[in-house]
Colleague: 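Just dropping this structure here.
What's counted below: heavy atoms across the whole structure, side chains too, no hydrogens, waters or symmetry copies.
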Amino acid sequence: MSRARALYQSGRYAEAEAEASAVVRSRPRDDMDVSLALTLAALPISAQGRHTEALAADDEALPVFDRVFGADHWETLKLRSDRTQQLAALGPHAECEAESAAVVLLAARADQVTGSRSQRS
């Protein structure tokens, strides 16, 4: 995972995608590293302008994130936020707006349960 992340951060998107995809193929679907690798694979796909593929990768990752982290965990919310960026790039703006509103609502609920960020600092 760290190699895939480093490749992505250095702009070597095709290599980062391949590295993250290799992690996905090598581990069980409920492994936490697989869930993160699924997201890490989507980022360089998007960076290469392949938004339809990146959306499909995010859609594949979402049930894994829900199972591994839970629907209101920040990692899941981040993934859903990434997904809205793909939707925005592709043009289904009503779906993008609805997904964004759902993410905001879940984040607000999670924040109410755990306390505001200013109170936790």
Colleague: Answer yes or no: is there a donor N or O on one side and an acceptor on the other, between the side chain of Glu60 and the main chain of Ala56, under 3.5 Å?
Modeller: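 Such a contact is absent between Glu60 side chain and Ala56 backbone.
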
Colleague: For the hydrophobic clusters of this structure (ILVMFWY residues joined by side-chain heavy atoms under 4.5 Å, transitively), does one cluster hold both Leu38 and Trp74?
Modeller: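 In one cluster with Leu38: Trp74, no.
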
Colleague: Tell me whether Gln48 at atom CD has more than 12 heavy atoms from other residues, nucleotides or ligands lying less than 6.0 Å away.
Modeller: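 Enclosed: over 12 neighbouring heavy atoms sit under 6.0 Å from CD of Gln48.
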
Colleague: Considering all heavy atoms of both residues, which atom of Ala71 and which atom of Asp66 are nearest to each other, and what is their separation?
Modeller: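 Looking at all heavy atoms of both residues, the closest pair is CA-OD1, 3.6 Å.
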
Colleague: Taking the hydrophobic residues Ile, Leu, Val, Met, Phe, Trp and Tyr, and joining any pair whose side-chain heavy atoms are under 4.5 Å apart, which ones share a cluster with Val103?
Modeller: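 Besides Val103, the hydrophobic cluster comprises Leu77, Leu106, listed by chain and residue number.
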
Colleague: I need the minimum non-hydrogen distance between Tyr8 and Ala16, along with the two atoms involved.
Modeller: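 Result for this residue pair: N-CB, 3.5 Å.
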
Colleague: List the residues meeting side chain to side chain donor-acceptor pair (under 3.5 Å) with Glu95, not counting sequence neighbours, and say none if there are none.
Modeller: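 Arg83.
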
Colleague: Could you tell me the separation between the OG1 atom of Thr84 and the CG atom of Asp58, rounded to the nearest 0.5 Å?
Modeller: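 One gets 9.0 Å once the value is rounded to the nearest 0.5 Å.
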
Colleague: Determine the minimum heavy-atom distance between Ala4 and Leu40, stating which atoms define it.
Modeller: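 For Ala4 and Leu40, the tightest heavy-atom pair comes out as CB-CD2, 3.5 Å.
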
Colleague: On a heavy-atom basis, which atom in Val23 and which in Val34 lie closest, and how many Å separate them?
Modeller: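 Heavy-atom minimum between the residues: O-CG2, 4.2 Å.
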
Colleague: With sequence neighbours excluded, tell me which residues meet salt bridge (Lys or Arg N to Asp or Glu O under 4.0 Å) with Arg80.
Modeller: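 Arg80 satisfies salt bridge (Lys or Arg N to Asp or Glu O under 4.0 Å) with Glu99 only.
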
Colleague: Which residues, ordered by chain and number, are linked to Leu87 in its hydrophobic cluster, where ILVMFWY side chains connect at heavy-atom gaps below 4.5 Å, directly or through other members?
Modeller: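 Noted: Leu87 shares its cluster with Leu55, Leu90.
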
Colleague: To the nearest 0.5 Å, what is the distance between CE (Met1) and CZ (Arg5)?
Modeller: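 It comes to 5.0 Å.
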
Colleague: For Gln85, what residues pass the side chain to side chain donor-acceptor pair (under 3.5 Å) criterion, not counting sequence neighbours?
Modeller: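 Side chain to side chain donor-acceptor pair (under 3.5 Å) list for Gln85, sorted by chain: empty.
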
Colleague: Sequence neighbours excluded, which residues qualify as side chain to side chain contact (heavy atoms under 4.5 Å, CB included) partners of Glu75?
Modeller: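 Applying side chain to side chain contact (heavy atoms under 4.5 Å, CB included) to Glu75 gives Leu36, Phe65, Phe69, His73.
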
Colleague: To the nearest 0.5 angstrom, please state how far the CD1 atom of Ile45 sits from the OH atom of Tyr13.
Modeller: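 Separation between the atoms: 13.0 Å.
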
Colleague: Give the C-alpha distance, both sets of side-chain angles, the deciding distance and a yes or no for salt bridge (charged side-chain N to carboxylate O under 4.0 Å, His left out) between Arg50 and Glu17.
Modeller: CA-CA 12 Å; Arg50 297 171 17 226; Glu17 178 187 351; 2.9 Å; yes

Colleague: Quick one: closest heavy-atom pair of Gly70 and Thr76, and the distance?
Modeller: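 In this case the closest contact between Gly70 and Thr76 is O-OG1, 2.8 Å.
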
Colleague: Return the CG to CD distance between Asp59 and Gln86, rounded to the nearest 0.5 Å.
Modeller: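 If I round to the nearest 0.5 Å, the distance is 10.0 Å.
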
Colleague: Given 3.5 Å as the limit, does a donor-acceptor pair link the side chain of Ser46 with the main chain of Ala42, or not?
Modeller: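 No, because the side chain of Ser46 does not come within donor-acceptor range (under 3.5 Å) of the backbone of Ala42.
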
